[in-house]
Amino acid sequence: MSKAIVFRILIFIAFISIFFPQTATGQVNQYARDGLSFSYPADWPLTDESDAAAQTLNLDRGKDEAKIMILALRQQLNPSELGPAQARVTEALVSALVQELAKVGAQPERSAISESIGGVHAQGIRLRATVKGEPGNIEVYWLTLGGRSVHLVYIGSDQERIRANHAWHMVISTLRVGGAPVAPPVQSRPPDLTNYAYRQITGRRIELYMDQWGRGFVHDLNNNAWVRIPDYSGRASHHARVQDIRIQIHPSFCKTSDTMALMYAFGGLLVYDSSLYTTQDPNQAWRLNYEVSQRGQAFASISRTRVINHIAQVNDVLALAAGTNWICIYDLGLHKWVNYQDPVDDSTAQLDSNLVLSGSNAQVKILNGPFCNYTAGTGSWRCLSRR
C-alpha cells in the first residue's frame, strides 16, 4: 500500500476525531467524477480529499452527527492483486480506528458483517464500543467495483446513525464505479389527496394523509417519496393482504416523527420505518406487528380520546403503543417490534406516569401489575416482580 493511501487514512482519522458526542432538506446532490458516482442528501457537506492514488470522499454534518467515508483506489487491479490490496487497506483503517478508541479508554467488540453496496455483496467489520456513555458502531466495508478496490466507513453513535440511515442507504444504493451514474431519487409527484383530508399530520419529516378508515399516503421527506398506506381492513386494498389479518387503523391516534409513523389500530399495529425505504421496494419500510395481529391474540386498542397522547407515542428512536392486552414497542435501531402480553393501566389520573416515552427509554404500568421498562437496542422488556 502506498504512502499516499496511508496518509489519506490518517487524514480521515484526524478528520473524524472521536466519533461519539463530546458533551433537513429533501434535496439530493450527486457526485460523479473519474468513474465514481453516488447520490447523497444536499444537507450533508461533502469534502473531496482525492489524490493521484485514490478518491477519498467524506460526508460529514459536523459534531454529534454520523460520518461516511468512501475510499476508492484509482488503479484497476487484477484478481490476484485485489485481495492483498483490500486486506492492507482494511487492516490500516481498522487498526487506526481501534487506536483512536483506545485513547479514550474504549475496548471495541469486533464482529463480521455484510451489506449490499452498489449492487454487490460487500463484507465488513463492525467495531462496537461505548464512549462517554454513548454506544455506537464503526463499520468498515470492502468490495470491488469496476476492477477497483472500494472501502466505505460508516461511523457514529446509535442516535447519530438513526438520523443518518437515510443518507447511508442513499449512498450505498447509488454507488457506482466505471458505469453510468444512477440517477438520484427525485420527488415523486404528489398523489391526489382529495379523499385523504380526514386526518393530516404534518410538520415532521414523515407526514400522513388519511381518510376516515386510515387509508392514504405517507409523505417521506427523508427519501423524497410518497408511499401508500397498506389497507388490511378488508376494503379495497392496494397491497397484498396477509391472510386472516384484519386491521382497522384509528387515524386520530396515529403519530409521526422525523424517522417513522406509528399506525395505531384495532387488530394490530403498523409502523412506517423511513430508514428501510428503497426505490426498488418502498413497501419494505412497512413493519406489521405479526404477533399481535394473529387470530385470538389481536391487539385490542383503546379509543378514548382522553388517552390519545399517551397510549400512542413516537419519537425518532422508539414507537410505543399500548392496548387492553398488549404493550408494544418498535425499536428503530433493531427494525423490529418487541411485545409484552398484558393489559396497560390507562387510569386517567396516572397517565403521565403510567405511559412515558422519553428518548431511548419507555416505561409502562401494567394493570394491577408492575412497571415495565424498555431501552432502545436491548430487544426485550424488563418488568419488576408482581407484588
Side-chain angles (χ1 to χ4, degrees), residues 128 130 133-136 157-159 161-162 245 247-250 252-257 259-273 275 286-387:
R128 178 73 173 168
T130 299
E134 292 285 344
S157 70
D158 291 346
Q159 298 296 320
R161 288 163 58 89
I162 287 172
I245 290 180
I247 295 174
Q248 180 58 63
I249 294 172
H250 296 313
S252 296
F253 286 68
C254 296
K255 300 291 175 63
T256 69
S257 70
T259 61
M260 56 182 153
L262 169 63
M263 315 303 287
Y264 190 84
F266 179 82
L269 295 166
L270 193 63
V271 151
Y272 177 84
D273 183 338
S275 66
W286 290 106
R287 285 296 183 261
L288 175 67
N289 193 336
Y290 286 98
E291 183 179 13
V292 302
S293 301
Q294 302 307 308
R295 182 180 297 174
Q297 294 182 317
F299 183 84
S301 58
I302 302 169
S303 57
R304 291 182 290 113
T305 57
R306 191 174 297 182
V307 301
I308 190 171
N309 292 320
H310 294 84
I311 51 95
Q313 302 181 51
V314 63
N315 58 28
D316 291 344
V317 182
L318 300 171
L320 171 66
T324 60
N325 53 10
W326 290 93
I327 55 173
C328 308
I329 203 87
Y330 183 82
D331 190 326
L332 190 77
L334 299 178
H335 306 300
K336 65 180 290 188
W337 284 99
V338 183
N339 306 312
Y340 187 87
Q341 190 170 11
D342 248 333
V344 64
D345 186 344
D346 62 334
S347 304
T348 304
Q350 285 81 43
L351 286 172
D352 287 341
S353 59
N354 285 358
L355 295 115
V356 180
L357 180 65
S358 178
S360 59
N361 296 284
Q363 175 180 279
V364 178
K365 175 72 165 56
I366 301 300
L367 183 64
N368 300 320
F371 279 95
C372 292
N373 296 278
Y374 183 86
T375 301
T378 60
S380 62
W381 286 92
R382 182 177 59 86
C383 299
L384 302 175
S385 300
R386 291 183 182 272
R387 296 180 180 178

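Here the structure is a predicted model, which is why all the values come from computation and not from measurement.
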Taking C-beta and beyond as the side chain, do [X] and [Y] meet within less than 4.5 Å on heavy atoms?
| X | Y | result |
| --- | --- | --- |
| Thr259 | Ile162 | yes |
| Leu351 | Val307 | yes |
| Val314 | Val271 | no |
| Phe299 | Asn289 | no |
| Cys372 | Ile366 | yes |
| Asn373 | Asn361 | no |

Original post:
Between Asp158 and Arg128, does at least one N-O distance fall below 4.0 Å, as a salt bridge requires?
Top reply: yes
**OP:** Give a yes or no on whether the backbone of Ser353 and the side-chain of Gln363 come within a donor-acceptor separation of less than 3.5 Å.
**Re:**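 Yes.
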**OP:** Say whether, by atom type as modelled, one donor and one acceptor occur between the side chain of Gln313 and the main chain of Ala362 under 3.5 angstrom.
**Re:**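 No, because the side chain of Gln313 does not come within donor-acceptor range (under 3.5 Å) of the backbone of Ala362.
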Subject >> Verdict with reasoning, Phe371 to Asn354, per side chain to side chain contact (heavy atoms under 4.5 Å, CB included) >> reply: CA-CA 8 Å; Phe371 279 95; Asn354 285 358; 3.9 Å; yes
Original post:
Only one of Leu332, Asn339, Leu334 forms a side chain to side chain contact (heavy atoms under 4.5 Å, CB included) with Lys336, so which one is it?
Top reply: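 Result: among Leu332, Asn339, Leu334, Leu334 is the only option passing the side chain to side chain contact (heavy atoms under 4.5 Å, CB included) with Lys336.
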Subject >> Plane angle bin for Phe253 and Tyr264 - parallel if under 30°, tilted between 30 and 60°, otherwise perpendicular >> reply: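 Geometry flag for Phe253 against Tyr264: parallel rings.
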Original post:
Between Tyr374 and Tyr330, does the ring centroid distance fall short of 6.0 Å?
Top reply: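 That pair fails the under 6.0 Å test.
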Original post:
What do the steps show when you test His250 against Ser303 for side-chain hydrogen bond (donor to acceptor under 3.5 Å, both in side chains), and what is the final call?
Top reply: CA-CA 8 Å; His250 296 313; Ser303 57; 5.6 Å; no
**OP:** Identify the residue among His310, Arg304, Lys365 that makes a side-chain hydrogen bond (donor to acceptor under 3.5 Å, both in side chains) with Asp346.
**Re:** Arg304
Original post:
If you look only at pairs with a residue in residues 315-324, which of them pass as a side-chain hydrogen bond (donor to acceptor under 3.5 Å, both in side chains), with sequence neighbours excluded?
Top reply: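 Those involving residues 315-324 are Ser257-Asp316.
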